[in-house]
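In what follows, a structure is listed as structure tokens, so that the remarks can point back to it.
A quick note: this is a predicted structure, and the numbers were derived from the prediction, not measured. Order of the sequence lines fixes the chain letters, A, B, ..., with proteins taken first and strands second; residue numbering starts at 1 for each chain. FYI, side chains are in, hydrogens and waters are out, and symmetry mates aren't considered; it's all heavy atoms of this structure.
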Amino acid sequence: YSFFPGTPRWPSRRRDLTYAFDPRNELSEDVKRVFANAFSRWSEWTPLTFTNISDYSSADMKIGFYSGDHGDDEPFDGVLGTLAHAFAPPTGLLHLDNAETWIINDVFTSGSSSSTAMDLESVAVHEIGHLLGLGHSSVENAIMYPTIASGVKKVELDRDDVEGIQVLYGTNPENNGTVGPSFGEREMSGVARGSIG
Amino acid sequence: NFFPNISSIPPSFLPNHTTNPWDTFNKLSGCRSGQKVDGIAKLKTYFHYFGYLANTTGNFSDDFDDALEAAVKNYQKNFNLNTTGELDTSTVNQILKPRCGVPDIVNGTTTMNSGKTTSFQHSVAH
């Protein structure tokens with residue numbers, strides 16, 4: 001795992017964070033539920049909680065889908081290429097490329113690369129890691145690994161992700177398994193594994 | 001463009017109708033230091049965007065220079081590829097993959113593999 005320069009994180013007095021969706025996107029409840037699931041992947045291992053609120057302007061984290069140049073000097077490039085980006089704490093901006101074909105329900109099978117479709121929850125879990133202060137990881141199975149193939153669903157935190165986020169925020173007091181998922185547990189869950197750092 | 005599953009995607013969204021903005025990097029496979037090839041400048045822009053290459057001049061040439069070789073090596077370290085400094089097939093395939101737009105190297109530093117000190121660097125040579 002890695003952190004942004006200076007190791008920015010949400011201050012200790014702020015463990016109950018809010019997020020909201022850009023109202024101009026008019027996202028469906030199905031899409032919003034994908035993000036709720038993605039946030040829960042991180043709250044499971046940390047003392048952080050995440051609540052969806054309707055007031056976009058006051059939310060700690062703001063989520064939106066945009067095309068091309070959208071005002072932050074990081075223009076999107078159309079289908080594939082860069083899929084999304086997010087900013088370190090306390091900026092709280094998560095932007096996704098509106099040009100992508102996003103899948104919101106289906107469970108992909110690894111290697112179904114016949115489509116350019118990208119799994120939304122997989123990308124959302126990764127970008128939330130940035131919102132919380134994690135940089136990219138060289139561990140291929142980590143959520144914070146920078147690339148993801150089309151047609152792949154990768155949503156479970158790797159031990160590397162859990163260790164990184166717990167350096168920033170500590171453990172979830174309600175979760176007994178505070179050391180993070182082990183290699184053996186993840187293999188048993190059927191997640192395809194490669195190298196682990 | 002939200003779809004519940006792959007089978008619900010209309011044909012107009014299938015690969016034949018879309019292009020990866022980085023597809024042109026395919027033709028750079030096999031390139032190495034010292035060569036000059038059309039498209040290298042765009043690849044340098046890619047590496048600059050993700051933090052691997054500084055841009056001191058404001059634009060890039062099509063020369064596969066030492067700076068690009070170093071960038072390729074760091075990229076290969078970060079993605080657990082053979083550190084050849086050449087645009088071998090596995091490196092190009094990795095570059096073509098869709099990815100997060102956040103740079104791997106921020107302000108010249110990273111704790112991905114390329115920013116770590118390897119154990120042999122602490123050893124004493126005979």
Problem set entry | Atom pair CG (B:N78) and NE2 (A:H136), whose distance is rounded to the nearest 0.5 Å | 10.5 Å
Exercise. Of the non-hydrogen atoms in A:P146 and B:F79, which two are nearest, and what is the gap between them?
Worked result: CG-CZ, 3.6 Å
For this session: Report yes or no: do B:V37 and B:F47 belong to one cluster of Ile/Leu/Val/Met/Phe/Trp/Tyr joined by side chain heavy-atom distances under 4.5 Å?
Result: yes
For this session: Of all the heavy-atom pairs spanning B:P21 and A:V79, show the shortest one and how long it is.
Result: CD-O, 3.1 Å
Exercise. Measuring heavy-atom distances to chain A, does B:N107 have an atom under 4.5 Å in its side chain, in its backbone, in both, or in neither?
Worked result: side chain
Exercise. Would A:M144 and B:M112 count as a side chain to side chain contact (heavy atoms under 4.5 Å, CB included) if you check the C-alpha gap in whole Å, the side-chain angles of each, and the deciding distance to 0.1 Å?
Worked result: CA-CA 11 Å; A:M144 296 314 294; B:M112 292 180 74; over 6 Å; no
For this session: Locate the shortest heavy-atom distance separating A:A86 from B:V102; write the atom from each residue and the value.
Result: O-CG2, 3.4 Å
Seminar exercise, completed: B:P98 and A:L80 have their tightest heavy-atom pair at CG-CD2, 3.8 Å
Exercise. Any chain of hydrophobic side-chain contacts (each under 4.5 Å) joining A:L131 to A:F87?
Worked result: no
Exercise. Are A:I148 and B:V92 connected in the hydrophobic side-chain network, where two residues link if heavy atoms are under 4.5 Å apart?
Worked result: no
Exercise. Of all of A:G78, A:A88, A:S137, A:S28, which one pairs up most often with chain B through heavy atoms under 4.5 Å apart?
Worked result: A:S137
Problem set entry | Cluster overlap A:V125 with A:I104, hydrophobic side-chain contacts below 4.5 Å | yes
For this session: Report, as yes or no, whether the 6.0 Å neighbourhood of atom CG on A:D30 holds more than 12 heavy atoms from other residues, nucleotides or ligands.
Result: yes
Problem set entry | Criterion side chain to side chain contact (heavy atoms under 4.5 Å, CB included) on A:S138 and B:K77, from CA distance to verdict | CA-CA 8 Å; A:S138 288; B:K77 287 178 189 172; over 6 Å; no
Exercise. Between atom CD of A:E100 and atom CG of B:N1, what is the distance when rounded to the nearest 0.5 Å?
Worked result: 9.0 Å
Exercise. Given the rule that I, L, V, M, F, W and Y join up when any side-chain heavy atoms are under 4.5 Å apart, are A:L96 and A:F50 in one cluster?
Worked result: yes
Exercise. Checking heavy atoms, do the side chain of A:F4, its backbone, both or neither come under 4.5 Å from chain B?
Worked result: side chain
For this session: Check whether B:F50 gets within reach of chain A through its side chain, its backbone, both or neither, counting any heavy atom under 4.5 Å.
Result: side chain
For this session: Rounded to the nearest 0.5 Å, what's the gap from SG on B:C100 to CD on A:E127? Could you check?
Result: 4.0 Å
For this session: Please test A:T147 against B:Q94 for side chain to side chain contact (heavy atoms under 4.5 Å, CB included), starting from the C-alpha separation and ending with a verdict.
Result: CA-CA 8 Å; A:T147 63; B:Q94 182 66 42; 3.0 Å; yes
Exercise. So what's closer than 4.5 Å to chain B heavy atoms on A:Y145: side chain, backbone, both or neither?
Worked result: side chain
For this session: Locate the shortest heavy-atom distance separating B:W22 from A:T82; write the atom from each residue and the value.
Result: CH2-N, 3.6 Å
For this session: Kindly determine whether B:F3 and A:N105 satisfy side chain to side chain contact (heavy atoms under 4.5 Å, CB included), including the steps that lead there.
Result: CA-CA 8 Å; B:F3 300 96; A:N105 283 342; over 6 Å; no
